[in-house]
Protein chains: 2
Amino acid sequence: MSDVAREAGVSLVTVSRVINTPEQVAPATRAAVQAVVARLGYVPNLTAGSLATSRSRIVAAIVPTIANLVFSETIEALTQTLAEGGHQLLVGQSGYRAADEAALVETFLGRRVDGLVLTGCHQPPALRVRLRQAELPVVQTWDLPEPGGAPVLDMAVGFSNVAAGAAAAGHLLGRGHRLLGFLGADEDRSRLRLQGFQAAAAAQGAEVLTALLRPPATMAQAAQRLVEMVTRQPALSAVFCNNDLLATAVLFECLRQGWDVPRRLAILGFGDLPVAELAVPPLSTVRVRRGEIGTRAGQLLLARLGHGGDAATGALAATASRVDIGFELVVRGST
Amino acid sequence: MSDVAREAGVSLVTVSRVINTPEQVAPATRAAVQAVVARLGYVPNLTAGSLATSRSRIVAAIVPTIANLVFSETIEALTQTLAEGGHQLLVGQSGYRAADEAALVETFLGRRVDGLVLTGCHQPPALRVRLRQAELPVVQTWDLPEPGGAPVLDMAVGFSNVAAGAAAAGHLLGRGHRLLGFLGADEDRSRLRLQGFQAAAAAQGAEVLTALLRPPATMAQAAQRLVEMVTRQPALSAVFCNNDLLATAVLFECLRQGWDVPRRLAILGFGDLPVAELAVPPLSTVRVRRGEIGTRAGQLLLARLGHGGDAATGALAATASRVDIGFELVVRGST
DNA sequence: TTGAAAGCGCTAACAT
DNA sequence: ATGTTAGCGCTTTCAA
């Protein structure tokens with residue numbers, strides 16, 4: 001920067017202003033400095049800027065894994081939204097392990113990230129305390145705290161997985177099924193859906209067979225567990241798969257076994273991934289707007305970080321800091 | 001840090017050493033400092049550290065989109081590998097747009113990232129120059145430069161997409177098909193495969209019908225274009241889909257149309273995603289070890305950044321800086 | 001084994 | 001509209 005200043009015959013601050021607040025610099029001076037910047041190929045050091053302003057323009061997100069369309073679409077939208085606000089995204093993967101999540105948070109705090117996006121709302125107490133005292137904008141995503149549970153840490157975007165599970169059961173019960181299967185990964189959100197699913201089934205005196213797969217749940221596991229379930233309990237007539245990919249695996253397995261879908265076995269998926277609509281028969285599923293979770297999370301953060309916002313806007317954002325994006329039951333041919 | 005130093009009765013440097021090179025500090029001092037660190041909940045500011053050392057411990061990666069299993073699995077492995085070496089990953093999405101890619105590179109250069117991972121090896125000349133003069137470790141991934149094309153910028157991990165396309169055609173031709181279909185997104189890697197595919201077909205006097213979908217290619221587009229192709233050219237007996245998801249869409253469409261797979265239409269996929277093996281019939285496909293691309297890219301960077309490496313190791317890494325991970329034709333029931 | 005001094009490259013606050 | 005001064009929080013000499 002001092003090279004540029006010298007060559008342009010101005011001081012350091014002027015160069016700084018040309019880069020950050022060009023409108024504050026006289027057009028002639030600005031043009032001269034910009035010419036030197038271009039000629040020298042000068043790239044401002046954002047690290048130094050961050051140190052001076054104590055704002056990194058970096059946001060971190062922690063997801064269980066990025067190799068799952070469910071999360072990657074959220075991250076895609078988040079990256080996009082943040083980029084529009086001039087922020088970059090640092091990604092961390094917890095692998096569904098709480099210890100890894102805590103370690104990642106620690107690293108990100110060290111980087112002085114401007115905000116943090118977490119997956120889920122069931123952080124261990126120690127981590128909750130840590131985040132509180134860090135006074136860092138935090139958005140919890142994907143689940144929303146259930147009444148009576150731990151409150152929102154700061155901001156949250158998601159929906160009630162318990163309600164989604166209940167809606168899934170409601171649909172299948174409405175179709176006359178009395179023995180339901182539940183196939184999902186053994187992780188937070190899936191268990192919440194199971195909770196709602198079981199409660200709704202129990203309320204109508206129906207039974208639920210459960211298969212929780214070790215995360216990350218694979219399609220092969222799903223197909224195998226399905227066959228086991230049906231073999232052991234031939235009365236099983238409907239299964240709720242906690243992810244459309246698992247549902248697709250189950251659908252193919254039925255094709256292989258010669259089981260008619262939905263007559264022999266009804267299949268309900270989750271997520272409404274592209275495959276759901278195109279499958280034969282098309283999959284009934286619970287639609288969740290994954291991208292919107294990322295977009296809203298990004299917007300909440302940007303608002304908090306004072307993008308085009310005065311105090312009033314900040315206050316507004318604060319009131320709306322718990323966003324329920326809901327879910328939608330999409331009934332197609334598989335149920 | 002000065003709070004810690006004062007409380008522990010030592011100087012700043014000592015605290016710094018306890019954090020970065022604890023073995024250089026006397027055990028008693030070390031323990032005392034660590035106790036204060038814990039008590040105060042001190043988190044070292046990595047931004048300040050980066051400024052002082054001019055090493056950010058951040059690597060950036062640019063992919064077309066993260067919401068595609070093809071790339072997200074690479075990113076997953078890369079994140080993992082880098083994390084083991086104490087580096088974090090900043091992600092950027094180009095959306096298949098060269099201008100966005102260049103803008104992202106500029107931002108990342110400003111962050112003084114320690115390394116950069118790019119998708120593809122067909123960067124525009126201006127960007128190539130920029131990267132050269134930045135003297136930044138760069139890994140190009142997914143394609144490897146073809147002989148006669150632009151050389152590797154610095155390091156590369158990938159395979160020959162042209163050869164993969166040729167292998168795909170070779171397989172279908174060997175099955176006796178004379179009129180082949182090609183279904184893929186209109187983007188670099190897909191076009192390279194098309195190139196190899198067409199060349200191999202032409203060499204045996206076979207014809208190729210091409211459908212290039214605007215990226216990101218959707219399953220719905222694929223199903224629709226397939227029907228168009230088959231309707232117009234009933235002699236079409238085999239189609240190479242440039243992604244197993246597109247192949248799955250095509251497979252379902254055949255089921256819907258009542259076209260037997262592989263007898264009426266043979267389907268060859270690309271990638272060997274989990275769905276390929278479980279589909280009915282299981283999809284023949286071209287297997288690419290997506291995770292390994294990320295792992296190897298991460299290893300190349302860490303080696304270059306001097307992890308456990310002396311000059312000799314650095315030299316070794318330099319010689320092996322073009323890694324061909326190959327591909328593998330997996331023949332299953334769909335061809 | 002520990003410490004003092006001098007930056008890293010930038011920006012905030014206050015001049016002018 | 002532009003400049004001066006004083007840091008941001010750490011690490012790197014070099015010295016003790």
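Within every chain, numbering begins at 1; the chains are lettered A, B, ... in the order of the sequence lines, protein sequences first and strands thereafter. These numbers come from a predicted model, not from an experiment.
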Could you tell me how far apart [X] ([atom1]) and [N] ([atom2]) are, to the nearest whole angstrom?
| X | N | atom1 | atom2 | result |
| --- | --- | --- | --- | --- |
| B:Gln24 | C:dG3 | CD | C1' | 14 Å |
| B:Leu46 | C:dC8 | CG | P | 21 Å |
| B:Arg57 | D:dC10 | CZ | C1' | 15 Å |
| B:Arg17 | C:dA4 | CZ | C1' | 11 Å |
| B:Arg6 | C:dT2 | CZ | P | 20 Å |
| A:Arg55 | D:dG9 | CZ | P | 16 Å |
| B:Ile19 | D:dT12 | CD1 | C1' | 16 Å |
| A:Leu12 | C:dG9 | CG | P | 11 Å |

Taking only side-chain N and O atoms of [X], does any of them lie within less than 4.0 angstrom of OP1 or OP2 on [N]?
| X | N | value |
| --- | --- | --- |
| A:Ser16 | C:dT11 | yes |
| A:Thr14 | D:dA1 | no |
| B:Asn45 | D:dC8 | no |

If we check side chain to side chain contact (heavy atoms under 4.5 Å, CB included) with B:Leu89, which of these qualifies: B:Thr79, B:Val117, B:Ile58?
B:Thr79
Answer yes or no: is there a side-chain heavy-atom contact under 4.5 Å between A:Arg55 and A:His87?
yes
Close side-chain approach of A:Gln88 and B:Thr107, heavy atoms under 4.5 Å
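A:Gln88 vs B:Thr107: side chains touch.
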Nearest-nucleotide comparison on DNA chain C, the residue closer to the 5′ end among B:Leu51 and B:Gly9:
B:Gly9
Of B:Ser54 and B:Thr29, whose nearest nucleotide on DNA chain C comes first from the 5' end?
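With B:Ser54 and B:Thr29 compared, the 5'-side residue is B:Thr29.
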Which nucleotide wins on minimum distance to the side chain of [X], given the candidates [options]?
| X | options | answer |
| --- | --- | --- |
| A:Tyr42 | D:dG3, C:dA4, C:dC10 | C:dC10 |
| A:Ser11 | D:dT4, C:dC10, D:dT11 | D:dT4 |
| A:Val13 | D:dG7, D:dG9, C:dA13 | C:dA13 |

Would you indicate what A:Thr47 reaches in the nucleic acid, counting non-hydrogen atoms under 4.0 angstrom: base, sugar-phosphate, or nothing?
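Nothing, no nucleic acid heavy atom in range.
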Touch check for A:Thr53, heavy atoms < 4.0 angstrom, all strands: base, sugar-phosphate only, or nothing?
sugar-phosphate
Indicate, yes or no, whether a donor-acceptor pair under 3.5 Å links the base of D:dG9 to the side chain of A:Arg112.
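Flag unset: no donor-acceptor pair detected.
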Out of curiosity, B:Asn45 CG to A:Leu51 CG, how far, rounded to the nearest 0.5 Å?
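One finds 6.5 Å between CG of B:Asn45 and CG of A:Leu51.
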Closer than 4.0 angstrom, basic N to acidic O: yes or no for A:Glu106 and A:Arg130?
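Looking at A:Arg130 together with A:Glu106, the answer is yes, because their closest N to O distance falls below 4.0 Å.
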